Amino acid sequence: MITIQNITKSFGSLQVLKGIDLHIDKGEIVSIVGPSGAGKTTLLQIIGTLDKPDTGSVCVDSIDTTTLSQKALSDFRNRHLGFVFQFHQLLPEFTAVENIMIPAFIAGTPRKEAKDRAEELLQFMGLTDRANHKPAELSGGEKQRIAVARALMNNPAVILADEPSGSLDTQNKQELHQLFFDLRDRFGQTFVIVTHDEQLATITDRTIHMRDGLLVTPEVTAETLAPEEND
């Protein structure tokens, strides 16, 4: 599903990623954890084609995204990838159902088809009665569920989430975390989640640890790196 080979990335003289090799299977829910500055979000942005690596290749759904033109990349991103951010990024002037429909409009989907899909997702989220509410009229948990529905609109192969529960209270965090598994079971998406939330990391299928632009094993993190962090 996702195969990353020898990814490096620098910003000026700062090398953020130092040679990442990673494979994620279809239908996996994977969390990426590590201290601030480890390179987690940069890696997620490269997987999501929002940034380009300096070296290496990124294959998603058997397509090497590093070889695509800008136009082809935009189309690939719209049709194959869904994004969930810490702060929902809903457009305040649109209703919940309209926010969900936006990726479909970008893809050129007919309005009725888009609305039917959005209403299906609202029903799955348990938010049918909030369809015509604008973001200011929704709770934090409701807004994030609408954002997840928007990410699912075009039935993407992969959902990429950056601290998706970071702004939620405990109950809404737990509900959102469970939602990811329910969605995987219902729609078959692969999830890659950058998080500092230990509870979420422990329940994902696999936890990938990063430090200083490299992948490290849990054993190395615990036995070798922890003493340095406590200095």
Side-chain angles (χ1 to χ4, degrees), residues 29-33 36 40-41 44-45 47-50 77-107 109 111-204:
I29 298 181
V30 172
S31 56
I32 303 177
V33 303
S36 297
K40 306 182 300 297
T41 294
L44 194 74
Q45 289 174 338
I47 295 172
T49 74
L50 298 173
R77 189 184 303 122
N78 176 250
R79 295 178 182 277
H80 293 262
L81 303 174
F83 298 88
V84 181
F85 304 98
Q86 179 174 353
F87 301 102
H88 47 82
Q89 307 293 343
L90 300 179
L91 297 180
E93 65 271 29
F94 294 132
T95 64
V97 71
E98 288 168 343
N99 267 284
I100 295 171
M101 292 164 68
I102 288 171
F105 290 152
I106 294 172
T109 304
R111 184 177 181 84
K112 184 181 185 308
E113 182 181 337
K115 189 173 183 182
D116 288 346
R117 169 68 171 165
E119 289 175 347
E120 175 194 8
L121 291 167
L122 275 169
Q123 183 176 15
F124 187 84
M125 300 290 174
L127 293 174
T128 300
D129 61 336
R130 312 299 274 171
N132 295 315
H133 288 67
K134 293 184 177 180
E137 303 170 298
L138 303 172
S139 70
E142 288 171 340
K143 284 186 278 195
Q144 197 61 307
R145 292 170 83 87
I146 294 298
V148 173
R150 178 183 59 191
L152 289 161
M153 183 67 211
N154 289 341
N155 196 29
V158 180
I159 300 293
L160 302 168
D162 193 357
E163 298 289 358
S165 57
S167 62
L168 301 179
D169 60 30
T170 300
Q171 180 178 346
N172 279 306
K173 280 184 181 183
Q174 292 173 347
E175 291 176 357
L176 183 66
H177 298 168
Q178 183 56 51
L179 176 63
F180 291 148
F181 289 88
D182 293 343
L183 290 169
R184 188 263 304 272
D185 294 343
R186 172 71 178 271
F187 298 111
Q189 268 87 14
T190 303
F191 283 80
V192 184
I193 307 167
V194 164
T195 184
H196 282 103
D197 192 303
E198 294 181 5
Q199 181 193 40
L200 175 56
T202 57
I203 63 174
T204 54

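Note that the coordinates shown come from a computational prediction; the quantities given were computed from them, not determined experimentally. Throughout, residue positions are numbered sequentially from 1 according to the sequence presented.
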I'd like to know if the side chain of R79 and the backbone of P156 have a donor-acceptor N/O pair within less than 3.5 Å. no
So, N154 side chain and P103 main chain: donor-acceptor pair closer than 3.5 Å or not? yes
If you measure from the Lys or Arg side-chain nitrogens to the Asp or Glu carboxylate oxygens, is any gap between D182 and R186 under 4.0 Å? no
Under 3.5 Å: donor-acceptor pair, side chain of T95, backbone of N132: no
My understanding is that only residues two or more places apart in sequence, or in another chain, count here; which of them pass ring pair (Phe, Tyr, Trp, His ring centres under 6.0 Å) with H80? F76
Does the side chain of I203 come within less than 4.5 Å of Q174's, by heavy atoms? no
Contact summary for I32 and K40, nearest pair of heavy atoms: O-CD, 3.8 Å
CG of L138 to CG of L127: how many Å apart, nearest 0.5 Å? 8.0 Å
Atom pair OG1/CG of T41 and D162 - distance to nearest 0.5 Å: 4.0 Å
Does L91 reach the side chain of K134, with side-chain heavy atoms less than 4.5 Å apart? no
Please determine, by modelled atom types, if E119 and Q123 share a side-chain donor-acceptor pair under 3.5 angstrom. no
Would you say T204 and F180 make side-chain contact, with heavy atoms under 4.5 Å? no
Geometric cation-pi criterion, R117 with F187: 6.0 Å, 45°: yes
Pairwise side-chain contact, L179 with M125, heavy-atom cut-off 4.5 Å (strictly under): yes
Nearest atoms (heavy-atom pairs only) where V97 meets A118: CG2-CB, 3.7 Å
Rounded to the nearest 0.5 Å, the CG atom of L121 sits from the CG atom of D116 at a distance of 11.0 Å
Would you kindly say whether N155 and Q189 are connected by a side-chain donor-acceptor distance under 3.5 Å? yes
Quick one: closest heavy-atom pair of P92 and P135, and the distance? O-CD, 3.7 Å
Do side-chain atoms of E163 reach the backbone of H196 as a donor and acceptor pair under 3.5 angstrom? yes
Please check: side-chain N/O of T109 versus main-chain N/O of F105, any donor-acceptor pairing under 3.5 Å? no
Can you tell if the side chain of L160 reaches within under 4.5 Å of the side chain of V84, non-hydrogen atoms only? no
In Å and rounded to the nearest 0.5 Å, what is the CD to CE distance from E113 to M101? 10.5 Å
Determine whether I159 and F83 make a side-chain contact, defined as any pair of heavy atoms from C-beta on separated by less than 4.5 Å. no
Under 3.5 Å, side chain of R130 to main-chain N/O of A96, donor-acceptor pair present? no
Minimum side-chain heavy-atom gap L183-L152 below 4.5 Å: yes
Short side-chain to backbone donor-acceptor contact, N99 and L90, under 3.5 Å: no
Which atom pair, heavy atoms only, marks the closest approach of F85 to Q144? O-NE2, 2.9 Å
List the atom of K173, the atom of D197, and the distance in Å for their closest heavy-atom pair. CD-OD2, 3.4 Å
Going by heavy atoms in the side chains, are L176 and V148 under 4.5 Å from each other? yes
Smallest separation among heavy atoms of E137 and H133, with atom names: OE1-CA, 3.4 Å
I'd like to know if the side chain of E142 reaches the main chain of S139, judged simply by a donor and an acceptor atom lying under 3.5 Å from each other, with no hydrogens or angles considered. yes
Other residues, nucleotides and ligands only: do more than 12 of their heavy atoms fall within 6.0 Å of CD on E93? yes
Should we say atom CD of E120 is surrounded by more than 12 heavy atoms from elsewhere, each under 6.0 Å from it? yes
Spacing of R150 atom CZ and M153 atom CE [to the nearest 0.5 Å]: 12.5 Å
